[in-house]
Each structure stands twice: as C-alpha cells, then as structure tokens.
Amino acid sequence: MRDILIGIDAGTSVIKSVAFDLTGRQIATAALPNAYEAVGRAGSVQDLDRTWADAATTLKQLSDKIENLAGRVAAIAVTGQGDGTWMIDKAGVPVGKGWLWLDARAGETVERLRADSGDIARFESTGSGLAACQQGPQLRWMRDHAPEMLSGVATTFHCKDWLYFKLTGKRATDPSEANFSFGNFRSRSYSDDVIRFLGLEKLKHVLPEIVDGAATHHPLSAEAAGITGLTEGTPIVLGYVDVVCTALGAGLYDPGTDTGCSIIGSTGMHMRLANGADDVRLNRDLTGYTMCMPIPGAYAQMQSNMAATLNIDWILSLASGLLKGMGVEKSKSELLAFVDGWLADAKDTPLIFQPYISEAGERGPFVDATARASFVGLSITHGFPDMVKAVFDGLAMAARDCYAEMGPLPGRIRLTGGAARSASLRRILGAALGASVQTSEREEAGAAGAAMIAAVSLGIYPSMADCLGDWVTPYQRPAEAADPALACRYNELFPTYQQSRTALRPVWHALSQGAAAGTQQETSK
C-alpha cells in the first residue's frame, strides 16, 4: 500500500527528507547539514553534486527508519532555498557552482537596474523588487563581468529545480520562482518584456519550462532509483519555493482572515495572503515579492529582511569568542540557554539595533546591498545584556518594517522557523506587531507544504482547501496575545527605528566605496 508522502527540503542550513502518512502525520525525518562557501568578499556558492548526494543520502536514511519504504512511497515532493543561480550543460553536468541567495556580487547591477525607469514596468509584471540574491541580476552580472561563466550553459535552475532534475531528468522550474524572477504573476508565465529589461534576451533559451507540481508530476528515473534505493517510476513532484511551502504548511492560506505568516530563520520572510491578482498591493518603492501559491488565484505577498537569526548567531559568536580567549569553550546551543537571562537583565533604556548583518545587505522593505548592521544610542550605561535585547528588538522592528509596507498590520501572526521555539522572541515579536502569535506543533512546515502539493497532485485531496483540514489546522497551538504595555513601548520606538536606517544609508554607501577602494589597493600590490 502506497501510504507515505516524502517532502525534501534543501535549505540553506540543513538538507532534510521528511516522511508523512497520507493525512499529514509526521513519521520520520533524516537530515544532513548543508555546506556552502564564500567567494571573495561578496560571493556565496554551493556544490551541485554534493547537494544532490546529500539529498539522496537523506532518502536512504529514511529507508533505514521505515520498513519497506520503497514499496510504500506514494510520491516525493521537493522544495529548497530560493533565488540563486544553478547552471548545467546539455549533458546535465554542472557548470561551476551554484550561486546562493546570500551572494551579493550583483549588488551594483541591481542599483543600476533599479535606477532605470523601465524597472517600474518590470515590477508591475513580476510584483517583486529586484535584489542581488535573484537569478536575473546574477545572470546579468555574469553577462557583463564574467561571460566565461556562461560558456556551455544549457539550463539555469534554482536549488530545488536541480534536485528535481536529478530525480527525474526533467528540466523545469515552478511558477513561484519563475514568475517573481522573469514573469507576469497574473498569467503565471515568462514575460519577454521582463527578460528584455534585464538584458537577458540571448539567455532566454536557458530558462526551463514552468511546471506546476500541484497539477503535474514526473516519474523517478532508473538512475535516481538506483542511487536512492527507491522504486523507479515513483511520482516526483516539483514543489514551489521553500517560503511558499513553509507558508502553506504553517497556515498562511486562511481566506477571510487578516492572518499573516512569518518565517524567522537565517532570513526573515513576512507574508500576507492575496486572494486574487487584484488583491496584490504593489508599493511605491518597488520592493518585496509576489509569489504564486499552488492554489488557483492565490498569492503570497512578501517582504523579506535579508538576515534574521544570522544576527543572533553574530551576537552569540561575540560571546563565544570572548570566552574562548579566556580558555572557556561554549557552543551556540549552550550560549542560547543564557539568552533569556540576558534579556531579563537588560535595562529599559532606548537602544536600537539595525539587523543588517549580512554581507548581502538588505532586500526588504528597502533594497540596498551596502546596508550594514549598527547599534544606535549606545552609552556607557549599556552592557552585553542590553546589546542582546537590542538585537532581538531589531529583528522585531525589521518584521514590522516589512509588514507596514504591505498595508495594515495583521491581527495574528503564524510563526515558524527555528526561532519560533523561543518564547522570548515570540513575546517581543507579538508586542512589536501588536498581534497575537500562533505557532504549530509541526516543526517541518516546509517539507509538509511540499508534501501537501504532492497530495493534491496525486488526487489524494481534491483541493488544497480540503488538505488543510488534516495537514494544518489540527497542529495549530493556541495563540499568544500581545503584551499591551510592551506593545506601547514598541509603537513609540518604531518611528525612530525607521528614521535611523534612512539617515544612515549615505554612510553605508560611503563605507562600501571605501572597502572597494581598499580591495583594489590590496589587489594592485
């Protein structure tokens, strides 16, 4: 009996395969840490062959945990980290390494394109602002600065598309990534006008076919079956990009409510549901994302701050480095145990942290590859607990900044991602947004969302709305109300947060120019 659905979620930090029964109950999971590397000051890449090998290994590990897995799998759905550029040749061999969403080399390219008046029409078509993390600007950078990188390229993928190719031999991408990068979200198809604006007409042939996994699937190839130990011909479903799958699994799709959804992981994604193309709210600053959902007429409208928990990782690394210098070794997990104590010890004095710690800068609600983190308002009275508190506050302010760009703040936030386990972060985020916060007992929302697409694709459920009743609703925990007093404090602080990041933008650009000049001087030596 084919009674298991598998969701593969190839994230930035972890590659995992999760097995569910047909009603959404999680059975087993297998995971491996992901590996990527820096290239110079702004590049970030990942090995394609290793990514496939790791994903295949997690499938084999599931077989060790579930008896007769190969005979029981009804379908496998795959999702993964979004944006980036993963290229192969005619034979299916990788051309170089995959550029990640963390890669900022196309930052200046984005600035030039955003300054062009034609970007308004591109934004109206895609519903998404340009950022250095996206495949369009990355391909344009290669065309302008390193055309040799494009030699022999036959197809450009994103992470999940590469894994789908290795599983099926099919060159395809999904409607969400295809349209926010190169398309028209209303028609869910590529746009020649968008491709022309990006200057990529001669590369149009490398864009793969758009395949909607909610309606179409392809068989597991004989080669992939041999590698994974699964049965040739098993249906393979191309999921939507990971943020869409996670939003689906976390409960964003809830028509008739003002529920938002935030994913607080390495990056922060903040979403509202748009019921139809006319409900999409495009902003004057040409930022954010509009992503097709695997539901007719439904869209996830998003603003994304580039670095979320990366800021927490950074402040903990400072503590770790200081302790190590004194001969004391503390892991990240050990230091996390001290966070609640630090937050409790923090003084109630104004201190702002701008959480732009990524080398890639910021992409929402404004786009600036030179954006950098900073503390504003430090004095001799502040100590390390105050700085930790400011980092958490900064993440919450960044989330509010994103939601404010999409209209009225939602009354309820469905929160997922690794940071959702932190009671302190939930309390701070709820107060900053003035919203109740609801989490799910389901920790693998991305893999679950992908598996839900498979459940609809195979006809196990007639529609996604029918699927939600079994896969999402039963797993929602009671909502946690916002603290009124704390909410008042953040209402007062938020305008100053916005003012500070606006005022410092010229400083970021000056620092970036200085860094570039320094790099050139070092190179000339």
Does this structure show an ion pair linking [X] with [Y], if we count only N-O contacts that are shorter than 4.0 Å?
X    : Y    : answer
D116 : R112 : no
E444 : K16  : yes
E177 : K160 : yes
R196 : D192 : no
E362 : R501 : no

If you define the side chain from C-beta out and look only at heavy atoms, does anything of [X] sit under 4.5 Å from [Y]?
X    : Y    : result
V237 : I76  : no
P147 : M142 : no
T156 : M87  : yes
L198 : L130 : yes
F182 : S191 : no
D119 : L286 : yes
T173 : V211 : no
Y299 : M271 : no

Modelled atom types, side-chain donor and acceptor of [X] and [Y], under 3.5 Å:
X    : Y    : result
Q438 : R414 : yes
R412 : T259 : no
Q46  : N34  : yes
H270 : N305 : yes
Q301 : T290 : no
W101 : T12  : yes
Y403 : S262 : yes
Y490 : D393 : yes
H158 : D174 : no
S512 : T370 : no

Worked check of side-chain contact (heavy atoms from CB on, under 4.5 Å) between I453 and C245 | CA-CA 8 Å; I453 296 173; C245 288; 4.0 Å; yes
To the nearest 0.5 angstrom, please state how far the [atom1] atom of [X] sits from the [atom2] atom of [Y].
X    : Y    : atom1 : atom2 : result
C159 : D9   : SG    : CG    : 9.0 Å
Q354 : I357 : CD    : CD1   : 11.0 Å
L48  : L163 : CG    : CG    : 8.5 Å
F392 : M397 : CZ    : CE    : 14.0 Å
E405 : N283 : CD    : CG    : 4.5 Å
W99  : Q134 : CH2   : CD    : 14.0 Å

Measure across A308 and G268 and return the closest heavy-atom pair with its distance rounded to 0.1 Å.
-> CB-N, 3.6 Å
Nearest heavy-atom pair of V280 and A274: which atoms, and what distance?
-> CG2-CB, 3.9 Å
Does [X] reach the main-chain N or O of [Y] with its side chain, forming a donor-acceptor pair under 3.5 Å?
X    : Y    : value
S44  : D103 : no
T79  : Y240 : yes
S125 : G183 : yes
Y164 : G169 : no
R143 : G199 : yes
Q135 : G84  : yes
T126 : S181 : no
T267 : M306 : yes
S317 : W314 : yes
N179 : P175 : yes

May I ask you to check whether over 12 heavy atoms, not counting those of E201, lie within 6.0 Å of atom CD?
-> yes
Answer yes or no: does atom CG of L378 have more than 12 heavy-atom neighbours from other residues, nucleotides or ligands under 6.0 Å?
-> yes
Face-on cation placement of R272 at Y253 ring, 6.0 Å and 45° thresholds | no
Has R400 got its NZ or CZ under 6.0 Å from the middle of the six-membered ring of F494, at an angle within 45 degrees of the ring axis?
-> yes
Just do the salt bridge (Lys or Arg N to Asp or Glu O under 4.0 Å) check on E209 and K170 with the steps written out, would you?
-> CA-CA 9 Å; E209 176 187 357; K170 179 73 175 178; 2.9 Å; yes
Stepwise side-chain contact (heavy atoms from CB on, under 4.5 Å) test for R105 and V39 = CA-CA 10 Å; R105 280 175 281 186; V39 177; 3.9 Å; yes
Could you tell me whether W52 and F165 have their ring centroids closer than 6.0 angstrom?
-> no
Take the angle between the ring planes of F366 and W508 and call it parallel below 30°, perpendicular above 60°, tilted in between.
-> parallel
